[in-house]
Amino acid sequence: DNLTYDLDLWIGAGEAGHAHVLHWLLGRAASLSPGNATRLDLSDCKMGAKGVPHLASALRTDTTLVSMDLRCCFFSDRGATQLASALAANATLTELNVLGFRFTEEGARALVAVAESKHNQIKSLCGLAADATVADFSERYLDADDVLLVAFELRANTTFTKMELTNNQIGAVGAQNIAEALKVNATLTSLDVLANRLTEAGARALVAMAESKPNQ
């Protein structure tokens, strides 16, 4: 059976408490028999900058987790870089969700770089299953920096046929990054980007890409 922990880490325990909880959770996962898929859900835990080093330390030595949800954990660029360094050493995690970190382009690019360097292992940075055919990112408050993670999904995934990005704030830069990622995507047939403040430049980039792949 899969082991799932859903936990709010912001429990007033302080930095030492966070370290203890994180190491206990990952240690508990490691105690399962080999081969059991395990998932750790720390979404909305608000661990902040002080919690990230403990998470990174635990991930470097973990040998069991395959999925981790870190949505809205309020990591900075430094936290994202620390997490990326830990992922480079981790040999089992295949699915990670880091949307809503509040990092900038620097943090997003650090995570994308390590995911691309381990493309045979890490399949998602947005919490999507490897066999997902629909990716719904509508109304997620995503901006151009978040789109760098979405663009990774488009490059890495070979099963998507539909993606929803309505009602976000990806802007022209985000649209251009999506268009660039679509150059190597061979499966997506439907993309909804309404209400995203694309500007003419962003809209033209997407239209040009769509017109260059009329059979897809």
Side-chain angles (χ1 to χ4, degrees), residues 9-10 15 18 22 41-60 68-90 93 95-119 122-128 135-157 163-185 191 193 195-203 205-206:
L9 276 181
W10 199 248
E15 185 175 355
H18 290 171
L22 283 166
D41 187 343
L42 300 176
S43 57
D44 298 304
C45 70
K46 304 178 181 66
M47 71 175 68
K50 291 184 177 180
V52 181
H54 302 302
L55 175 62
S57 175
L59 279 176
R60 285 190 181 92
M68 179 175 286
D69 193 340
L70 293 169
R71 286 171 298 162
C72 304
C73 281
F74 305 130
F75 289 7
S76 63
D77 284 332
R78 182 180 179 185
T81 301
Q82 291 171 327
L83 180 60
S85 176
L87 289 174
N90 181 282
L93 203 66
E95 178 189 313
L96 184 67
N97 191 345
V98 291
L99 287 176
F101 261 42
R102 293 187 178 177
F103 43 54
T104 68
E105 180 180 352
E106 177 186 350
R109 288 195 180 279
L111 287 164
V112 168
V114 74
E116 289 182 333
S117 73
K118 305 183 75 173
H119 63 276
I122 301 175
K123 302 301 183 182
S124 178
L125 292 174
C126 299
L128 298 174
D136 188 354
F137 298 115
S138 57
E139 299 181 357
R140 298 282 193 91
Y141 305 102
L142 304 183
D143 59 18
D145 298 329
D146 293 310
V147 166
L148 292 171
L149 307 177
V150 176
F152 168 77
E153 305 292 308
L154 285 170
R155 292 191 297 271
N157 187 279
M163 179 174 284
E164 296 278 353
L165 277 167
T166 55
N167 292 300
N168 285 294
Q169 301 172 11
I170 70 173
V173 173
Q176 290 162 352
N177 283 327
I178 291 293
E180 189 67 23
L182 286 172
K183 288 182 179 180
V184 297
N185 180 282
L191 175 65
V193 291
N196 265 289
R197 302 179 182 177
L198 300 182
T199 75
E200 181 178 349
L206 289 169

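Once rounded to the nearest 0.5 Å, the distance linking CD1 of Ile122 with CG of Asn90 reads 7.5 Å. One distance of note links CZ of Arg140 with CZ of Arg71; it measures 7.0 Å at 0.5 Å rounding. Atom CD of Gln169 sits about 12.0 Å away from atom CG of Leu198, to the nearest 0.5 Å. For the atom pair CD (Gln82) and CG (Leu87), the distance works out to 12.0 Å, reported to the nearest 0.5 Å. Between the CG atom of Asn97 and the SG atom of Cys72 there is a distance of 8.5 Å, given to the nearest 0.5 Å.
Without hydrogens or angle criteria, Lys118 side chain to Lys123 main chain gives no donor-acceptor distance under 3.5 Å. Remark: the backbone N or O of Ala179 is not paired with any side-chain donor or acceptor of Asn177 at under 3.5 angstrom. In this structure, Asp77 contributes its side chain and Gly79 its backbone to no donor-acceptor pair below 3.5 Å. Remark: the backbone N or O of Asn196 is not paired with any side-chain donor or acceptor of Asn168 at under 3.5 angstrom.
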Check the pair Leu125 / Val112 against side-chain contact (heavy atoms from CB on, under 4.5 Å), numbers first and verdict last. CA-CA 8 Å; Leu125 292 174; Val112 168; 4.0 Å; yes
Could you go through the side-chain contact (heavy atoms from CB on, under 4.5 Å) check for Leu55 and Leu42 one step at a time? CA-CA 10 Å; Leu55 175 62; Leu42 300 176; 4.3 Å; yes
side-chain contact (heavy atoms from CB on, under 4.5 Å) between Met68 and Leu93, intermediate numbers included: CA-CA 8 Å; Met68 179 175 286; Leu93 203 66; 4.2 Å; yes
Stepwise side-chain contact (heavy atoms from CB on, under 4.5 Å) test for Ile170 and Asp143: CA-CA 4 Å; Ile170 70 173; Asp143 59 18; over 6 Å; no
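A heavy-atom distance below 4.5 Å is not found between the side chains of Val184 and Leu154. Contact annotation: the side chain of Leu149 approaches that of Leu99 to within less than 4.5 Å [non-hydrogen atoms, C-beta and beyond]. A heavy-atom distance below 4.5 Å is not found between the side chains of Phe137 and Glu164. In this structure, the side chains of Leu70 and Leu96 come closer than 4.5 Å at one or more pairs of heavy atoms. Using a 4.5 Å cut-off on side-chain heavy atoms (C-beta onward), Val193 and Thr166 make no contact. For the pair Leu182/Leu191, a side-chain contact is recorded, criterion being any heavy-atom separation below 4.5 Å from C-beta on. Annotation: side chain of Phe152 is not in contact with side chain of Leu111 (no heavy-atom distance under 4.5 Å). Using a 4.5 Å heavy-atom cutoff, the side chains of Leu83 and Leu59 are in contact.
Taking each heavy atom of Gly174 and Ala144 in turn, the nearest pair found is N-CB, 3.9 Å. Across every non-hydrogen atom of Ala175 and Leu206, the tightest pair is O-CD2, 3.6 Å. Closest approach of Ala151 and Ala181 over heavy atoms only: O-CB, 3.6 Å. Residues Ala110 and Ala84 share a closest heavy-atom pair of O-CB, 3.6 Å.
The closest side-chain donor-acceptor pair between Glu153 and Ser124 falls under 3.5 angstrom. For the 3.5 Å distance criterion, the side chains of Ser138 and Asn167 fail to qualify, holding no donor opposite an acceptor.
Atom CZ of Arg78 sits in a sparse spot, with 12 or fewer heavy atoms from other residues, nucleotides or ligands closer than 6.0 Å. The number of heavy atoms from other shown groups lying within 6.0 Å of CZ (Arg60) is above 12.
Between Arg155 and Glu116 there is a salt bridge, since a side-chain N of the basic residue sits under 4.0 Å from a carboxylate O of the acidic one.
Residue Arg109 forms a side-chain contact (heavy atoms from CB on, under 4.5 Å) with just one option from Val114, Thr81, Leu148, and that option is Leu148.
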